[in-house]
Amino acid sequence: PPRPRPPRRLGPEHPRLVVDSGICVRLDRHLVDDDAAVKSATAPAKPAPQNTATVRATGEFQCSADDLFDFLTNPQKIPMWSRNPAQMAPEVGAEVSLFGGNIRGKVEKVDRPKGFTMSWRAPTWPEDLYGQLEAQLNQGSNSTTLSLTLRGVPVGKEDETETNVMAALSFDRKPSA
């Protein structure tokens, strides 16, 4: 059968989706004291308090929210954007393994096709530290906005995390001022 095509990301040249001075992607980071985000169902014990940050990314995709949700959560389609095998099911409690097992977690909440929440652990993070990724999809008339919020990112790992998330979903970086 023909291979499904990934949703097409709308670039800054699309005049109806202009955000932040002609760029279709907005990034911002906020340092937070985020003990709750560090704690997760997949964490075996409550870790010592960590200084954490929140990384956000937003992009526009020319597809329906249903199609984008499936593209983000279907283990047969995830390799189209992650370039690696994946384990994922849009069901509460499902184990998640992305990017060849480098990202691990569990699905915590599902509201198809509006979004999902999962715990998130990267291999470069302190042992037993889990963040929380919230993916929100907002269906527009011709496109869907994907907003990602990753809470519980260790301070000092924000740039690495931001770069990896942006590269995985082919987001463009916001130009520096």
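No experiment lies behind these values; they were computed from the predicted model shown. Residue numbers run from 1 in the order of the sequence given.
Checked against side chain to side chain contact (heavy atoms under 4.5 Å, CB included), Pro85 has no partners two or more places apart in sequence or in another chain. For Asp111, the side chain to side chain contact (heavy atoms under 4.5 Å, CB included) partners are Lys114, not counting sequence neighbours. Residues satisfying the side chain to side chain contact (heavy atoms under 4.5 Å, CB included) test with Thr145, not counting sequence neighbours, are Thr58, Glu60, Asn138, Ser147. With sequence neighbours left out, the side chain to side chain donor-acceptor pair (under 3.5 Å) criterion links Asn164 to no other residue. Checked against side chain to side chain donor-acceptor pair (under 3.5 Å), Gln87 has no partners two or more places apart in sequence or in another chain. Legend: residues meeting side chain to side chain contact (heavy atoms under 4.5 Å, CB included) with Pro113, ordered by chain and number and at least two apart, are Ala65, Asp66, Phe69.
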What verdict does the side-chain hydrogen bond (donor to acceptor under 3.5 Å, both in side chains) test give for Glu134 and Gln132, after you've listed the backbone C-alpha separation in whole Å, the side-chain angles of each residue and the deciding distance to 0.1 Å? CA-CA 6 Å; Glu134 180 181 3; Gln132 183 183 59; over 6 Å; no

| task | Apply the test side-chain hydrogen bond (donor to acceptor under 3.5 Å, both in side chains) to residues Glu160 and Thr124: give CA-CA distance (whole Å), side-chain angles for both, the deciding distance (0.1 Å), then the verdict. | result | CA-CA 10 Å; Glu160 169 188 300; Thr124 60; 2.5 Å; yes

Set out, in order, the CA-CA distance, both residues' side-chain angles and the distance that settles side-chain contact (heavy atoms from CB on, under 4.5 Å) for Thr52 and Val153, then state yes or no.
CA-CA 5 Å; Thr52 62; Val153 176; 5.8 Å; no

Check your understanding: Passes side-chain contact (heavy atoms from CB on, under 4.5 Å), Leu148 versus Val165? Steps please.
Key -> CA-CA 9 Å; Leu148 299 174; Val165 168; 3.8 Å; yes

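The shortest side-chain heavy-atom distance between Leu146 and Leu72 falls under the 4.5 Å cut-off. Contact annotation: the side chain of Val107 never approaches that of Glu91 to less than 4.5 Å [non-hydrogen atoms, C-beta and beyond]. For the pair Phe71/Asn74, no side-chain contact is recorded, criterion being any heavy-atom separation below 4.5 Å from C-beta on. With contacts defined as side-chain heavy-atom distances shorter than 4.5 Å, the pair Met88/Phe116 qualifies.
When all heavy atoms of Ala86 and Leu98 are compared, the pair lying nearest together is CB-CD2, 4.0 Å.
Side-chain atoms of Asn102 come within 3.5 Å of backbone N or O of Phe99 as a donor-acceptor pair.
Between Arg56 and Glu162, no side-chain nitrogen of the basic residue sits less than 4.0 Å from a carboxylate oxygen of the acidic one, so the salt-bridge criterion is not met.
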